[in-house]
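Owing to the predicted nature of the structure, the values given are computational and were not obtained by experimental measurement.
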Amino acid sequence: MVLWKARKRLWCGLPWTFTVYSFDEERLYVERGFFNQRQDEVRLYRVMDIAMTRSLIQRIFGLGTIHLMTSDKSLGNFDLVNILNTMEIKEQLSGLIEAQRDNKRVSTREFIGTDERDDEDGLDE
């Protein structure tokens, strides 16, 4: 069951493109093309980080871009460009990503380097 589906929009907010984004509870899909069509998908548990940007022109037309950093081999890091209701879609997607990560028992490992505060505490001496 598709939870969200939207067409990529032009800079002025018109949906005259051949790119369609959608997601369900487990996967996110990116469909491109008119004559030669291509559909990519990424499992939500493979998304490591999600971010949102909105330029001035995007804010004027009520659009935004969601950046997804993934461990997927075919898509890698990619953007959902010029979509409406960006904040709501980002929050919904973020919740689904966390639910899938918990369901699959997947965690990302973050590497933390030394911090300047360690030197101030005298821990490194």
Side-chain angles (χ1 to χ4, degrees):
M1 179 175 87
V2 175
L3 300 174
W4 174 77
K5 187 173 186 174
R7 188 172 296 276
K8 175 182 169 184
R9 295 173 178 269
L10 299 176
W11 63 270
C12 59
L14 297 174
W16 292 343
T17 64
F18 299 106
T19 301
V20 177
Y21 307 117
S22 61
F23 60 79
D24 57 26
E25 291 182 355
E26 295 182 359
R27 293 175 281 206
L28 185 135
Y29 304 94
V30 180
E31 300 172 35
R32 297 180 181 103
F34 180 70
F35 292 114
N36 297 317
Q37 294 182 335
R38 177 180 175 153
Q39 182 187 55
D40 290 309
E41 72 176 56
V42 61
R43 301 253 176 203
L44 293 179
Y45 72 86
R46 291 184 176 268
V47 177
M48 295 181 295
D49 195 19
I50 184 170
M52 181 191 75
T53 59
R54 296 180 70 202
S55 67
L56 176 62
I57 197 79
Q58 284 178 320
R59 289 192 320 243
I60 290 170
F61 290 104
L63 304 171
T65 298
I66 297 176
H67 307 282
L68 296 158
M69 284 61 77
T70 73
S71 62
D72 189 73
K73 299 291 184 203
S74 64
L75 274 177
N77 299 337
F78 65 97
D79 297 334
L80 306 180
V81 181
N82 289 342
I83 58 171
L84 291 172
N85 305 317
T86 314
M87 183 59 81
E88 293 85 12
I89 300 304
K90 178 188 164 285
E91 291 302 317
Q92 185 180 9
L93 195 54
S94 183
L96 289 169
I97 290 166
E98 287 303 315
Q100 281 298 307
R101 294 176 71 74
D102 289 343
N103 188 29
K104 301 282 187 186
R105 296 184 178 121
V106 175
S107 66
T108 59
R109 296 181 183 189
E110 296 183 24
F111 298 99
I112 301 171
T114 58
D115 193 0
E116 292 177 9
R117 289 177 284 172
D118 292 340
D119 294 336
E120 293 173 5
D121 293 332
L123 299 174
D124 292 327
E125 296 176 2

Exercise. Report yes or no: does R9 contribute a side-chain atom to a donor-acceptor pair with the main-chain N or O of I83 at less than 3.5 Å?
Key: no
Practice problem: Grab the two heavy atoms, one from Y29 and one from Q39, that are nearest each other, plus how far apart they are. | Solution: CD2-NE2, 3.7 Å
Exercise. Drop me the distance from E41's CD to E26's CD, to the nearest 0.5 angstrom.
Key: 10.0 Å
Exercise. Can you measure from CD (Q100) to CG (D102) and round to the nearest 0.5 angstrom?
Key: 9.5 Å
Quiz item: Do L63 and L84 have side chains that get closer than 4.5 Å, going by heavy atoms?
Solution: yes
Quiz item: Does the T19 side chain pair with the main chain of K8, one donor and one acceptor, at a distance under 3.5 Å?
Solution: no
Quiz item: In Å, rounded to the nearest 0.5 Å, how long is the span from CZ of F23 to NZ of K5?
Solution: 13.0 Å
Quiz item: How about E25: does its CD atom have over 12 heavy atoms from other parts shown lying under 6.0 Å from it?
Solution: no
Quiz item: Once you round to the nearest 0.5 Å, how far does OG1 of T70 lie from CG of L75?
Solution: 6.5 Å
Quiz item: Out of curiosity, does V20 fall in the hydrophobic cluster containing M1 (side-chain heavy atoms, cut-off under 4.5 Å, transitive links)?
Solution: no
Quiz item: Can you name the one residue among L44, V47, D24, L28 that meets side-chain contact (heavy atoms from CB on, under 4.5 Å) with L96?
Solution: L44
Exercise. Report yes or no: does R7 contribute a side-chain atom to a donor-acceptor pair with the main-chain N or O of T17 at less than 3.5 Å?
Key: yes
Self-check item: Where at least one partner belongs to residues 76-95, residue pairs that pass side chain to side chain donor-acceptor pair (under 3.5 Å), sequence neighbours excluded
Solution: Q58-N82, H67-D79
Practice problem: Measure the spacing between CD1 of I89 and CE of M52 and express it to the nearest 0.5 Å. | Solution: 12.0 Å
Quiz item: Once you round to the nearest 0.5 Å, how far does CD1 of I50 lie from CD1 of I97?
Solution: 4.5 Å
Exercise. Say whether L3 and I66 are linked into one hydrophobic cluster, either directly or through other cluster members, by side-chain heavy-atom distances under 4.5 angstrom.
Key: yes
Exercise. Heavy atoms only: give me the nearest F18-F34 pair and the separation to one decimal.
Key: CE2-CD1, 3.5 Å
Quiz item: Can you check whether V42 reaches F78 side chain to side chain, under 4.5 Å on heavy atoms?
Solution: yes
Quiz item: Which class fits the ring pair W4 and Y21: parallel under 30°, tilted 30 to 60°, perpendicular over 60°?
Solution: parallel
